[in-house]
Each structure stands twice: as structure tokens, then as C-alpha cells.
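Report on the following structure.
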Amino acid sequence: MSDIVEKIAQLNAPQQQAVKTDSKHVVVLAGAGSGKTRVLTHRIAWLVETGQATPHGVMAVTFTNKAAREMKSRVEELLPHQPYGMWIGTFHGIAHRLLKAHWRAVNLPENFQVLDSDDQLRLVKRIIRELAVPDDLIDAKQMQWTINGYKDEGLRAQYVPETADVHLSWQRRIYVAYEALCFRSGLVDFGELLLRAHELWLNNPTVLAHYQQQFQHVLVDEFQDTNRIQYAWLRVLCGDTVGLTVVGDDDQSIYGWRGARVENIWQIQDDYPDTEMVKLEQNYRSTAVILKAANAVISNNSKRLGKDLWTEDDGGEPIRLYAAYNEQDEAGYIADSIESQLDGGVIASDVALLYRSNAQSRVLEEALIRGQIPYRIYGGVRFYERLEVRNVLAYLRLIANRNDDAAFERVINVPARGIGAKSVELLRSTARDEGCSLWDATLLLLQKGQLKGRAGGSAHAFQELIKSLDPQASESELTLSALCKVVIETTGLAQHFEKEGADKARSRLENMQEVVNASRNYEDVAGELTPLDAFLSEASLDAGEGQAAEHEDSVHLMTLHAAKGLEFDHVFIAGLEENLFPHRMSLDVREGVDEERRLCYVGITRAKKHLCLTYAESRRLYGNDNRNRPSRFIEEIPSELIEAVRPTLSVKPTFSSMGGRLAEPMPMAMGQAGFQLGSAVRHPIFGDGIILAAAGAGANTSVTVAFENEGTKELMLQYAKLTAI
DNA sequence: TCGAGATTCCTTTTT
DNA sequence: GGAATCTCGA
């Protein structure tokens with residue numbers, strides 16, 4: 001007890017207020033770097049230590065598994081004893097846990113599976129096909145998006161209003177069919193987890209009463225990211241008795257496009273008039289310069305709750321701004337900067353390189369590789385979303401649940417075993433007519449002898465294979481990881497991918513091996529679930545960001561979205577151009593630019609010591625060159641905070657001096673030499689430079705190169721010993 | 001049924 | 001520009 005009091009005494013006044021308040025309902029508006037996680041963890045410890053809540057009576061909700069893990073370990077550090085039974089998890093994880101415990105009450109099969117977005121898309125496509133939707137009226141991706149949108153809003157298919165609009169009514173029909181199919185297959189998508197958990201409360205008063213009794217206090221992190229159904233779920237759970245503390249920052253709301261509602265912050269105050277609001281405005285993370293820039297940018301948004309972040313720090317290096325010729329130059333500059341930072345003793349893992357869209361990462365990666373700088377990309381294609389991994393998991397899912405149609409479809413013909421589109425179509429139509437799963441349809445057709453020849457034999461063999469692997473049906477006493485291994489080998493997946501060519505195959509095999517490794521962690525879990533079920537549900541609810549490589553000393557590359565919640569000494573943000581950041585797509589969405597600006601604010605405030613922004617005057621995107629003006633966000637930063645770094649070039653490249661020429665066809669000889677306009681090159685005497693222009697043809701081809709230290713020179717390609725760098 | 005060329009798509013995406 | 005998906009011929 002005295003321990004936690006001491007720790008809380010080290011917090012600043014508003015933080016202490018937020019931690020110790022007796023108010024039952026608290027909204028903590030916490031600016032970037034103001035210690036919101038600290039407040040949350042300390043409040044949990046305070047509630048427990050003062051006896052206002054038992055560990056069992058605390059629920060803490062986050063959005064990512066990573067955040068949940070982090071919170072758990074930090075709470076454990078604060079408390080003298082291991083807090084047993086505390087509910088710390090993601091919305092989806094907690095919902096999953098509830099549904100597993102009360103599957104009967106929400107009308108789900110005991111072994112229901114979580115459907116990830118790729119499977120979801122497949123199901124949607126299948127339904128669009130089956131319903132024979134008039135050609136191209138409905139796009140599957142968009143339909144998936146629509147369904148998720150409905151679910152985020154808490155809207156089931158039956159409640160979607162019927163309309164005369166052809167498009168909308170088809171959407172409604174597809175949604176209805178999709179729900180039916182999920183139900184039949186025992187599949188639950190991400191939105192469904194929340195929806196069912198909400199219905200669990202609504203339809204089962206005794207269950208709700210039980211949990212309202214159990215929990216004294218619920219705490220929510222990143223509250224600005226909650227959507228309607230998540231709030232509704234919280235609201236019902238908390239009722240009139242359970243305490244609720246939420247922490248959020250309206251300025252860091254960057255998931256509006258996914259249904260997040262900042263308004264939920266107001267909603268609490270409406271629902272609970274006694275709500276106390278605490279603002280945390282002192283920033284402990286960044287230098288004054290960085291903070292001023294962030295404040296200046298975000299002040300251009302009008303709809304704000306209004307916070308003014310301040311810091312005791314009063315200095316800081318200026319923000320560097322580099323205007324690159326093109327994305328190659330930009331990447332080269334960033335790589336060079338990082339290299340010299342590392343030479344100066346900076347640790348690679350204290351450096352982050354952020355960008356707006358994943359497509360930007362390739363060029364940046366290449367530059368880092370050239371500079372031999374260790375890096376690691378966060379996000380991008382997640383581990384459990386990789387093709388080979390998903391195939392292994394699909395086999396496992398089918399072993400766990402024969403009715404998992406999504407898994408069935410994925411692997412029935414992978415590796416190819418002679419059951420092609422025709423046969424699968426037959427299975428589908430039978431399944432539809434009989435209202436059964438694809439697995440049962442296969443059985444039925446085999447019995448009736450309607451699945452003959454090669455397809456029939458393969459289908460039978462396939463079913464036997466799955467059955468033989470099922471630990472429950474056979475006597476095999478395989479451990480989970482051994483089962484994984486067997487699956488990879490006996491199903492032929494390993495050989496299947498080996499055909500792909502050396503490099504790719506190796507990484508595929510490695511990833512599959514990684515599944516085997518990951519499964520080991522579930523072999524001796526205690527609980528109601530079998531190891532297989534535990535592993536599968538975890539796999540679908542966890543992005544699978546490698547835990548092992550976490551602490552490797554490498555530069556972090558990620559999108560701005562992925563960077564939220566993290567902090568780094570040195571931050572680079574690349575691609576500050578109109579149409580890229582703010583993104584083109586945001587420009588015609590209501591309040592789209594505001595959200596982009598918040599994203600920019602998030603990016604800037606990741607930096608503790610030093611921030612570098614870059615933009616390219618010309619950027620090759622999707623195969624053609626684009627010229628965009630520097631991002632408006634740059635102008636919004638007071639110029640006295642910025643130190644502009646131009647490439648060392650005597651003449652500033654303008655459209656007429658350089659861009660005009662960019663549009664001209666490049667002389668053949670240059671391409672043959674492996675160069676293009678904008679290529680970074682090295683000359684034995686003049687040093688490093690960038691090719692600005694080229695003229696002539698064949699042996700007479702000359703290039704204009706801007707050297708870092710020697711100014712701009714025109715060289716004959718034939719004689720100048722230029723090498724690409 | 002399979003695999004190679006053709007065509008298409010391309011913002012972010014914690015779950 | 002590149003992957004991912006689709007289509008068509010063998």
C-alpha cells in the first residue's frame with residue numbers, strides 16, 4: 001500500500017487527480033506523451049491496493065494485443081503480488097473469452113472459429129456468386145467493407161432497412177446470406193465477436209448481472225478509437241453500478257474511417273452526468289521545438305476538445321526538412337542521415353522511419369539495404385496473413401472443425417489434387433441445397449456416387465487425410481507442434497511451395513516452421529480449450545508480430561498509423577507531399593484532411609529529440625512520375641522551427657530546369673548503363689551525385705550530374721566512370 | 001484441371 | 001511497378 005502511494009506521489013498533480021479520484025466515471029483527456037498509460041496502470045494499482053476493486057473485479061481494455069501485454073506487465077510491476085484473475089485484453093479478446101464461456105447463451109457452436117478478413121472476403125465472394133448478383137453490381141471488397149461497417153454500428157442484417165434502391169437491396173440480401181452462412185459454418189468475424197458479446201448482455205440478464213457483480217471497475221485505453229458497438233457493450237456492462245475510467249486523445253483519432261467515434265467521449269458525459277474530466281497537458285516526451293510544431297499543426301483543426309500541450313523543456317534541435325528530387329533521392333538522404341547518426345553513437349532501435357502508405361516502404365528499404373543499415377518493418381503483411389501460414393492454419397482449422405467452410409475451400413485443392421473449380425462448384429451447390437457444410441456435402445456426394453473419377457478419389461482421400469490427423473478421432477498422441485509438423489509434411493504443402501523457386505520457397509518453409517514453433521506455446525495451456533483450439537483462436541486474434549525479433553537493434557519502419565502509441569528519439573517522416581500526405585483519398589471525404597492532420601500530429605509527437613521531414617518534388621508511384629506540391633502540413637509548422645536542407649546543388653531544380661526534362665524520353669544508352677534520371681551515382685574524382693538530366697544518343701550520350709561537393713557537371717556517359725550507389 | 005500470360009488494383013487496417 | 005487475381009489455352 002505505502003509502495004503505491006509513494007509511486008503515485010511522483011506523478012504530477014493532474015495525473016494524481018486522475019489516478020486517485022473517487023469519481024465513478026472519469027474521462028482522462030491525455031495529450032501525446034503526457035503519461036496516459038502511466039495513469040491507467042497506476043489507477044488500476046490504486047483501485048486494487050485501496051480495496052476499491054479486487055484484481056478479479058478489474059477489467060482493462062485496449063485495442064491491440066501488444067498494448068494489452070504491455071499494460072499487464074506494467075500493472076504487475078506496480079503491485080506487490082501477482083494480480084490473479086485480472087481481465088486485461090483487447091475488446092475482441094475479451095469478447096472472445098465471453099463467447100467461449102457462454103456459447104450456448106449466444107447460440108454458437110462450442111467450437112466456433114474466428115474468421116479473419118481474408119476468409120471473410122472469400123465468403124463474401126462466394127455468396128455474390130451464389131446469389132447470382134447481376135454482373136459487377138457489387139464489388140466484393142466493398143461489400144465486405146459495408147458488412148463490417150454495419151457491424152461496427154451494431155446493425156444486423158435483419159435490421160438493415162429495405163429500400164427500393166437496387167444496389168442497396170442487393171447489399172442487404174448479401175449481408176443476410178453472409179450471416180446465414182457464418183452461422184451455419186460456426187464462423188464469427190471480428191465485428192461479430194463484439195456484436196454477440198453485446199447481445200450476450202442484452203439477452204441474458206442473469207449473465208449480465210453476474211459480470212456487473214464481478215467487475216467494480218472498467219478501464220479503457222485509446223478511447224477515441226472505440227466504435228459504436230464497443231461503446232454500447234461497455235455502456236451496458238457498466239450500467240449504473242460499475243465504475244468506468246477512459247483515457248483518450250481526440251487529437252489522435254486516426255481511425256474514423258474504420259468506424260471509430262470520437263463522439264463517444266462526449267457520450268459518456270451525457271450518459272453519466274457525474275463524469276469527471278481530467279486533462280493531462282504536460283508532455284514529458286518531446287523537445288519544445290517538436291511540441292511547438294505539433295501544436296501548430298493540430299491547431300488548424302477546428303473540432304477539438306481543446307488541449308494545450310506544454311513542456312518544461314525549452315530547446316531542442318530544429319526540425320530538419322529535406323526537399324528531395326525524387327523518392328530515390330529522398331530514400332538516399334534518409335539512409336545517409338541514419339548512417340551518420342549511427343556513426344555518431346545513436347542506437348538503431350531509437351530511430352523510426354514513418355510513412356503514409358505501405359507502398360512507400362520499398363524504396364526506403366532498398367536505400368537502407370544499400371547503406372547496410374539494419375531495419376525491421378512493422379505491419380505490412382502480417383505473419384498469420386501470409387499465404388503459406390494461412391494454409392497450414394486452414395488444415396488445422398479443418399481438423400478442429402469439419403464444418404469450417406472457409407478452411408475447407410482454402411485447402412481442398414492446395415496442393416492441387418485434382419479437385420478443380422467444377423467439383424468445388426458441385427460441392428457448394430450441394431451444401432447450399434442441403435443447408436450443410438462443404439465437408440458434409442462431400443460425404444453426401446461420395447455416398448451417392450455423384451463425385452466420381454479423379455475428383456471423387458481425391459475428395460475421399462482428402463477426407464481420410466483430415467480424419468487421420470484429428471487427434472480426437474485417432475489414437476495418435478501427437479503434441480500440437482508435432483501435429484503442425486505432420487500437417488505440413490503429409491498434406492504436401494511443403495513440396496507444394498518448394499516449386500516456387502529457391503528464395504521464395506525458403507522463406508515460405510521458414511514461415512511454416514515458425515507456425516510449428518509458435519504452436520509450442522500452447523501445448524500445455526490449462527483450461528477448457530484443447531491446445532489446438534487455443535492456438536487457433538489466438539492465431540486469428542493476434543497479428544503475430546514476432547516476439548523474438550522485438551529487441552533486435554534495428555531501425556523501425558512503419559506506417560504512421562502503426563506508430564501510434566510508440567516513441568523514438570529520432571523520427572523521420574517521409575513523403576510529405578500533397579496527395580500522398582494528406583492522402584488523395586482523404587481530400588473528398590468530409591473532415592478527411594482533419595484526420596490526416598491528426599495523423600501528422602501523431603507522427604510528429606512520436607519524436608523525443610529529433611525530427612526530420614522529407615518530401616520529393618517528383619515521385620514515381622504505380623509506375624508513373626507524379627509531381628506534387630509539398631504538403632500543407634509543412635507550411636503549418638512555424639518556419640523558425642525548421643532548418644531546410646537542400647541537396648548540395650548550386651541551382652535549385654525547378655520544373656523548367658529539371659522537371660521539364662524529366663518528361664523527355666531517356667536516352668537508351670543510359671538505361672543500358674543501369675541509370676535513370678534521379679539515380680544516385682558515384683564518380684571516382686567528383687564523388688557522389690545525382691543524375692539530373694541526360695541528352696544525346698548512343699556514344700554521344702551525356703548526363704548532367706549534381707555532385708554533393710563539386711557542383712553540377714556535364715559528363716559523357718561513355719568516359720565518365722560512373723557507378724550506381 | 002493446371003499453369004502461364006493478361007488484367008486489374010493500388011490509403012490507413014490495432015481486431 | 002508489382003502483386004495478386006483472372007482468363008484462357010493446352
Side-chain angles (χ1 to χ4, degrees), chain A residues 61-70 89-96 114-118 120-122 125 139-142 144-145 148 151-152 188-194 197 221-222 225-227 229-230 254-260 327 354-360 362-363 378-382 384-385 387 413-425 453-455 458 499-500 504 537-545 558-566 575 579-587 589 592 595-596 598-600 602-603 619-625:
Chain A
V61 197
T62 63
F63 277 83
T64 66
N65 290 301
K66 199 172 156 206
R69 280 192 290 266
E70 166 117 10
T90 64
F91 274 104
H92 294 84
I94 288 173
H96 184 255
V114 179
L115 192 66
D116 63 36
S117 55
D118 192 81
Q120 184 185 33
L121 182 62
R122 280 164 182 273
K125 279 182 179 162
D139 172 73
K141 266 252 174 63
Q142 206 179 315
Q144 178 187 23
W145 182 264
N148 291 336
K151 293 199 174 187
D152 284 345
V188 170
D189 62 38
F190 292 134
E192 187 75 20
L193 284 170
L194 303 172
D221 195 13
E222 306 277 18
D225 292 337
T226 50
N227 61 30
I229 189 71
Q230 285 161 339
I254 55 175
Y255 286 107
W257 52 274
R258 265 192 106 255
E327 78 284 349
L354 312 179
Y355 36 84
R356 177 65 240 265
S357 69
N358 283 312
Q360 289 170 255
R362 166 173 253 100
V363 182
Y378 293 79
V381 185
R382 307 194 123 66
Y384 287 115
E385 281 172 16
L387 184 70
N413 202 31
V414 177
R417 48 171 72 85
I419 304 170
K422 255 284 182 40
S423 309
V424 174
E425 190 42 55
R454 190 158 58 137
S458 303
K499 284 184 266 176
E500 271 194 347
K504 238 177 169 179
S537 49
E538 190 74 13
S540 49
L541 287 172
D542 191 335
E545 294 282 331
M558 66 188 92
T559 63
L560 287 149
H561 282 89
K564 195 176 72 163
L566 306 176
N579 293 324
L580 182 62
F581 189 30
H583 198 277
R584 181 68 166 281
M585 300 294 193
S586 71
L587 300 177
V589 179
E595 184 153 308
E596 296 285 304
R598 291 193 291 268
L599 189 56
C600 183
V602 167
R619 181 177 297 274
R620 176 163 281 241
L621 207 58
Y622 307 136
N624 34 32
D625 288 311

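Each chain gets a letter, A, B and so on, in the order its sequence line appears, and its residues count up from 1.
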Practice prompt. Could you work out the separation of B/dT12 and C/dT5 based on their P atoms and round it to a whole Å?
Written response: 16 Å

Item to complete: Give a yes/no on whether any side-chain N or O of A/Asn358 is located under 4.0 angstrom from OP1 or OP2 of B/dT12.
Response: yes

Worksheet item: Is the shortest side-chain N/O distance from A/Thr559 to OP1 or OP2 of B/dT13 below 4.0 Å?
Response: yes

Worksheet item: How would you label the contact of A/Asn413 with the nucleic acid (heavy atoms, under 4.0 Å): base, sugar-phosphate, or nothing?
Response: sugar-phosphate

Discussion item. Counting the atoms with a prime plus P, OP1 and OP2 as sugar-phosphate, which does A/Arg417 contact under 4.0 Å by heavy atoms, base, sugar-phosphate, or nothing?
Written reply: sugar-phosphate

Discussion item. Tell me the interatomic distance from A/Trp145, atom CH2, to B/dC9, atom P, rounded to whole angstroms.
Written reply: 17 Å

Worksheet item: So which one's nearest nucleotide on DNA chain B is more toward 5', A/Lys141 or A/Leu193?
Response: A/Lys141

Worksheet item: When the distance from OH of A/Tyr622 to C1' of B/dT7 is rounded to whole Å, what number comes out?
Response: 17 Å

Response to the item:
Looking only at B/dT14, B/dT12, B/dT11, the nucleotide nearest the A/His583 side chain is B/dT11

Discussion item. Please identify which of these residues, A/Arg619, A/Glu327, A/Arg620, meets the side-chain contact (heavy atoms from CB on, under 4.5 Å) condition with A/Val363.
Written reply: A/Glu327

Fill in: Atom pair distance, as rounded to whole Å: CD in A/Gln230 and P in B/dT14
14 Å

Fill in: Trace of the salt bridge (Lys or Arg N to Asp or Glu O under 4.0 Å) decision for A/Asp189 with A/Lys151
CA-CA 10 Å; A/Asp189 62 38; A/Lys151 293 199 174 187; 2.8 Å; yes

Worksheet item: Within the structure shown, what part of the strands sits under 4.0 Å from A/Ser423 by heavy-atom distance: base, sugar-phosphate, or nothing?
Response: sugar-phosphate

Item to complete: For the residue pair A/Gln230 and A/Asp225, confirm or rule out a side-chain donor-acceptor distance under 3.5 Å.
Response: no

Worksheet item: What interatomic distance, in whole Å, is found between P of C/dA4 and the corresponding atom of B/dT13?
Response: 16 Å

Discussion item. Taking any heavy-atom pair under 4.0 Å as a contact, classify A/Arg584: base, sugar-phosphate, or nothing.
Written reply: nothing

Item to complete: Mind checking the NE2-CH2 spacing from A/His561 to A/Trp257? Nearest 0.5 Å is all I need.
Response: 5.5 Å

Practice prompt. Mind checking A/Phe91 for me? I need base, sugar-phosphate or nothing, with any heavy atom below 4.0 Å counting as a touch.
Written response: nothing

Worksheet item: Hey, is A/Tyr255 stacking on B/dT13? Ring centres under 5.5 Å, planes under 30°.
Response: no

Practice prompt. Compare side-chain N and O positions of A/Asn65 against OP1 and OP2 of B/dT15 and report whether any pair is under 4.0 Å apart.
Written response: yes

Worksheet entry | Atom-to-atom span, CD of A/Glu327 to P of C/dG1 - whole angstrom | 11 Å

Discussion item. Rounding to an integer number of Å, can you tell me how far A/Asn148 CG sits from B/dT14 C1'?
Written reply: 14 Å

Practice prompt. Using the side chain to side chain contact (heavy atoms under 4.5 Å, CB included) rule, take A/Lys141 and A/Leu121 through it: C-alpha gap first, then chi angles, then the decisive distance, then the call.
Written response: CA-CA 7 Å; A/Lys141 266 252 174 63; A/Leu121 182 62; 4.2 Å; yes

Worksheet item: Is the glycosidic torsion of B/dT11 within 90° of 0, making it syn, or is it anti?
Response: syn

Discussion item. Can you tell me which nucleotide in C/dG1, B/dT14, B/dT15 comes closest to the side chain of A/His92?
Written reply: B/dT15

Practice prompt. Verify whether the ring centers belonging to A/Phe63 and A/His92 lie closer than 6.0 Å.
Written response: no

Item to complete: May I have the step-by-step check of side chain to side chain contact (heavy atoms under 4.5 Å, CB included) for A/Phe190 and A/Val114, ending in yes or no?
Response: CA-CA 7 Å; A/Phe190 292 134; A/Val114 179; 3.9 Å; yes

Response to the item:
A/Leu560 CG to B/dT12 C1', in whole Å, measures 9 Å

Worksheet item: Between B/dT15, B/dT12, B/dT14, which one does the side chain of A/His561 approach most closely?
Response: B/dT12

Discussion item. Base, sugar-phosphate or nothing for A/Glu595? Non-hydrogen atoms, less than 4.0 Å.
Written reply: nothing

Worksheet item: Using a cut-off of less than 4.0 Å, is there contact between a side-chain N or O of A/Arg258 and OP1 or OP2 of B/dT12?
Response: no

Worksheet item: Rounded to whole angstrom units, what separation is found between the CG atom of A/Asn579 and the P atom of B/dT11?
Response: 13 Å

Item to complete: Considering only atom C1', compute the distance from C/dC6 to B/dT11 and round it to an integer number of Å.
Response: 24 Å

Discussion item. Using whole Å, what does the distance between atom P of nucleotide B/dT11 and atom OH of A/Tyr355 come to?
Written reply: 16 Å

Fill in: Nearest to side-chain heavy atoms of A/Asp225, which nucleotide of B/dT13, B/dT11, B/dT14
B/dT14

